[in-house]
Structures are given as C-alpha cells and as structure tokens.
There are 2 protein chains.
Amino acid sequence: MAASSSEARLARWRAAFKSGGYRLTSARVAVLRVLAESQQALDATRIFDRARVYEPRLGLVTVYRTLETMLALGLAQKVHCPAQCARYAAVEPGHNHLLVCRRCGRVWYFSGDDLGALMQAVAGESGFRVEDHWLQLIGLCARCRAEMETEGAV
Amino acid sequence: MAASSSEARLARWRAAFKSGGYRLTSARVAVLRVLAESQQALDATRIFDRARVYEPRLGLVTVYRTLETMLALGLAQKVHCPAQCARYAAVEPGHNHLLVCRRCGRVWYFSGDDLGALMQAVAGESGFRVEDHWLQLIGLCARCRAEMETEGAV
DNA sequence: TCAAAAATGAAAACCATTTTCAGTTACAGA
DNA sequence: TCTGTAACTGAAAATGGTTTTCATTTTTGA
Ligand SMILES: [Mn+2]
Ligand SMILES: [Mn+2]
Ligand SMILES: [Zn+2]
Ligand SMILES: [Zn+2]
C-alpha cells in the first residue's frame with residue numbers, strides 16, 4: 001500500500017512536470033522518486049544521497065533545482081522544524097497540515113483544523129488580509145519515543 | 001503608549017538578563033533596545049543597523065550572540081516567513097501566535113486558537129506526543145495593502 | 001535522424017552564520 | 001572606590017548550505 005501510493009504519486013508528479021513544460025530527465029526522476037517513496041521530510045543532502053542510488057551521476061545542484069520546481073508546481077513543500085528550516089516533503093492533496101517528528105523527520109498529514117472563524121476575526125478587527133496559515137504540530141512519534149526510552153535519554 | 005510599553009519591555013529584559021547571570025553590556029542593551037522598540041520581525045542585519053545607532057562600535061557577531069541568549073531566555077522568538085526564515089521578534093507574554101505581514105514584517109499577536117481538541121485527537125490516534133505547535137497567519141497589513149494599491153502592483 | 005532548446009554537473013562564487021582569539025569590560029568583593 | 005578576573009567583545013577567518021556560471025550533454029519535436 002505504501003508502495004502503490006508512492007507509485008501513484010510518482011505518476012502524478014511525472015504528469016505534472018510534463019504538463020508544466022518540464023522535461024523528464026533521469027536526474028529529475030531520481031529526485032522525484034526519493035520524495036515519492038519517502039514519508040519523511042528530508043533535507044537536500046539526504047535527498048541527494050538517496051537519489052544517487054538511482055542515478056549515480058546526479059549532482060547536488062540538480063537536487064536543488066528540481067526541488068525548486070516541485071515547490072513551484074505545488075508538489076512539495078518546505079517544512080520548517082525547530083532544528084532545521086530546509087526540509088522538503090511531498091504535498092498530500094487536500095490536507096495541508098503537518099505533524100512532524102522532531103527526531104526522525106517523518107511527517108503525517110492531518111485535517112480537522114477549523115481556523116476559519118479565527119482567521120475571519122483576526123482579519124475583521126485589524127484590516128489584515130490573511131493569505132496563508134501555517135499550522136504545524138511538532139513532537140515525537142511513537143517509534144522514536146520507544147527508541148529513546150531504550151537508549152535511556154528522553 | 002508604544003513608547004512606554006517598549007520601556008517596560010526593555011526593563012523586563014534587563015532584569016531577565018541579570019537574573020540569568022548575564023552581564024548588561026552596552027552592546028547587549030543596544031540590541032535589546034532595538035527589539036523592544038520594534039513591532040516588527042527583523043533579521044539580524046537590520047537589527048545590527050538599527051542597534052549601531054545606539055552603539056556604533058557594535059559588531060554583528062554580538063547581535064547573533066545576544067539574539068541566541070534572548071531565545072534561550074524566552075524573550076524573543078524566531079519568526080519563519082515564506083521569504084525568510086531567520087527573523088526575530090519580541091515574545092509577548094501570554095500570546096504566542098503571530099500575524100505577520102509578508103511585506104513590512106510587522107507582527108501582531110493574537111490568541112483565541114483552540115487547538116486543544118485537535119491536538120488530543122491527533123495524539124490519541126497515532127501515539128504521537130505533541131510537544132509544540134506553530135500557528136502563524138501570513139498576509140498583508142492594512143497599510144501595506146494601501147501602499148501596494150498606490151504603487152500599482154498587487 | 002537532426003537541430004535547437006533545455007537541462008546537467010563541476011567548479012567557483014556567494015552569503016549568512018559561527019568560530020577563533022587577543023584585547024576589553026562589567027561587576028563582585030575587598 | 002579600587003581591583004582582579006571571568007565574562008564579554010569585535011575583527012578576521014572559517015564554515016557550510018545554497019546559488020551562479022558555463023561548457024557539455026540530453027531530451028524532444030520536427
Ligand atoms: Mn524556517
Ligand atoms: Mn496556540
Ligand atoms: Zn520519529
Ligand atoms: Zn505590512
């Protein structure tokens with residue numbers, strides 16, 4: 001199921017690149033594949049390392065360029081963590097808010113935030129035009145909690 | 001009123017440095033003063049420029065070091081914007097959520113978010129331990145909206 | 001198959017932040 | 001008020017992530 005959903009994601013992304021007028025090079029596909037398969041928010045270097053398994057001649061520059069394009073196409077998003085501000089994760093259609101494990105970087109998407117009323121109230125009383133909202137929950141996933149207990153630290 | 005509240009804030013911060021065991025040097029006070037007086041989220045360079053008015057011999061290094069200490073003491077917070085991840089703003093006691101103007105960087109604090117239920121639901125079903133939440137509204141303040149209309153661009 | 005445009009990667013440049021270190025300063029205690 | 005000393009400072013150098021440059025390679029439509 002994780003595999004098939006990552007296949008589907010990759011297919012969608014290939015189509016998005018095509019219809020955006022971008023060529024489907026093997027370097028780009030290697031980067032797409034890494035993020036499509038991952039359930040984590042990864043930084044550029046880690047994406048680079050993993051993508052080189054698929055495409056050993058890949059350069060780090062192309063990773064950055066491909067990520068830039070993915071952001072522009074709305075396929076990936078930047079994830080800000082307390083420790084590191086430049087991680088990238090797949091955008092899951094529909095749900096925009098993230099639960100991020102500060103230890104392993106895995107992300108989960110959730111919905112159910114009802115900020116509409118709050119945003120309207122804020123806009124109404126200040127004249128502010130709210131264009132975007134960021135909501136991100138940060139903590140420790142179940143697995144990391146268990147691992148940290150094993151290691152002793154908390 | 002803005003002036004007196006910035007005076008009060010500066011006084012609080014001086015006390016916090018003192019009781020944290022940090023010396024009150026003129027370099028530090030210049031940095032504190034800038035953030036105490038500002039209602040914006042500023043980056044290190046802008047803080048440096050403004051602080052040199054008070055303390056011309058100030059070095060940029062000390063700005064970074066003082067901001068670091070302010071974060072540790074909970075007096076300032078890092079503000080993440082789409083354009084720039086390293087701005088700093090005063091922490092307003094009680095309310096932790098920000099409304100940020102993406103154009104001028106001014107920040108307003110708001111409360112009234114009720115995320116408790118959401119966070120419990122998320123934690124319950126996933127075993128995730130939510131340690132922190134980031135909620136930030138991004139948009140355009142009334143003044144910037146007016147100025148942008150005048151200039152033609154939107 | 002071929003030409004043109006797009007894309008690539010190695011190397012260099014860039015730039016915000018951090019580290020180093022020798023000199024300066026704040027301040028507790030005399 | 002003076003003094004000793006640890007804390008602090010700023011100039012300069014180092015660092016490290018990201019971007020730019022540019023000659024070469026690849027993709028793709030004709
Ligand atoms: Mn950030
Ligand atoms: Mn809250
Ligand atoms: Zn984890
Ligand atoms: Zn504004």
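Side chains are part of it too, since the values below use all heavy atoms of this structure and drop only hydrogens, waters and symmetry mates. Sequence lines set the chain letters: A, B, ... in the order given, protein chains first and strands last, and positions in each chain run from 1.
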Chemist: Looking at B:Arg23, does any N or O in its side chain come under 4.0 Å of the phosphate oxygens OP1/OP2 on D:dT5?
Modeler: no
Chemist: What's the CG-C1' distance between B:Leu60 and C:dA16, to the nearest Å?
Modeler: 9 Å
Chemist: As a quick check of understanding, evaluate side-chain contact (heavy atoms from CB on, under 4.5 Å) for A:Cys81 and A:Arg87, giving each step before the final call.
Modeler: CA-CA 8 Å; A:Cys81 296; A:Arg87 290 187 184 168; 3.6 Å; yes
Chemist: When you check the gap from the basic side-chain N to the acidic O, do A:Glu92 and A:Arg9 get nearer than 4.0 Å?
Modeler: yes
Chemist: Find the distance A:Leu58:CG to D:dT25:P and express it as a whole number of Å.
Modeler: 17 Å
Chemist: I'd like to know if B:Arg103 pairs up with B:Glu147 as an ion pair, taking the criterion as any Lys NZ or Arg NE/NH1/NH2 lying under 4.0 Å from an Asp or Glu carboxylate oxygen.
Modeler: yes
Chemist: Taking for each residue the nucleotide of DNA chain C with the nearest heavy atom, is it A:Arg65 or B:Ser26 whose nucleotide lies nearer the 5' end?
Modeler: A:Arg65
Chemist: More 5' along DNA chain C: B:Ala44 or A:Thr66, using each one's nearest nucleotide?
Modeler: A:Thr66
Chemist: Atom CG of B:Asp43 to atom P of C:dC15: distance rounded to whole Å?
Modeler: 14 Å
Chemist: Measure CD/B:Glu68 against P/C:dT18 and give the value in whole Å, please.
Modeler: 6 Å
Chemist: Send over the distance from B:Tyr22 OH to D:dT9 P, rounded to a whole Å.
Modeler: 12 Å
Chemist: When you measure from the side chain of B:Gln39 to the backbone of B:Trp108, do you find a donor-acceptor pair of N or O atoms at a distance under 3.5 Å?
Modeler: no
Chemist: Would you indicate, yes or no, if D:dC8 has its OP1 or OP2 atom less than 4.0 angstrom from a side-chain nitrogen or oxygen of B:Arg28?
Modeler: yes
Chemist: Just the rounded figure in Å: distance from C1' of D:dC8 to CZ of B:Arg57.
Modeler: 12 Å
Chemist: Could you give the CZ-to-P distance, from B:Phe17 to C:dA26, as a whole number of Å?
Modeler: 15 Å
Chemist: Quick check, are the ring centers of B:His133 and B:His97 under 6.0 angstrom apart?
Modeler: yes
Chemist: Determine whether a donor-acceptor pair (N or O, by modelled atom type, separation under 3.5 Å) exists between the side chain of A:Gln136 and the backbone of B:Leu135.
Modeler: no
Chemist: Kindly say if B:Thr25 contacts the phosphate of D:dC8, meaning a side-chain N or O under 4.0 Å from OP1 or OP2.
Modeler: no
Chemist: Once you build an axis from the first five pairs and another from the last five of the helix from C:dT1-D:dA30 to C:dA30-D:dT1, how far apart in angle are they, to 10 degrees?
Modeler: 40°
Chemist: If you check the B:Tyr64 side chain, which of C:dT20, C:dT8, C:dT18 turns out closest?
Modeler: C:dT18
Chemist: For residues A:His80 and A:Trp134, establish whether the separation of their ring centroids is below 6.0 Å.
Modeler: yes
Chemist: Take the protein atom CG of B:Leu24 and the nucleotide atom C1' of C:dT24, then report the distance between them rounded to whole Å.
Modeler: 17 Å
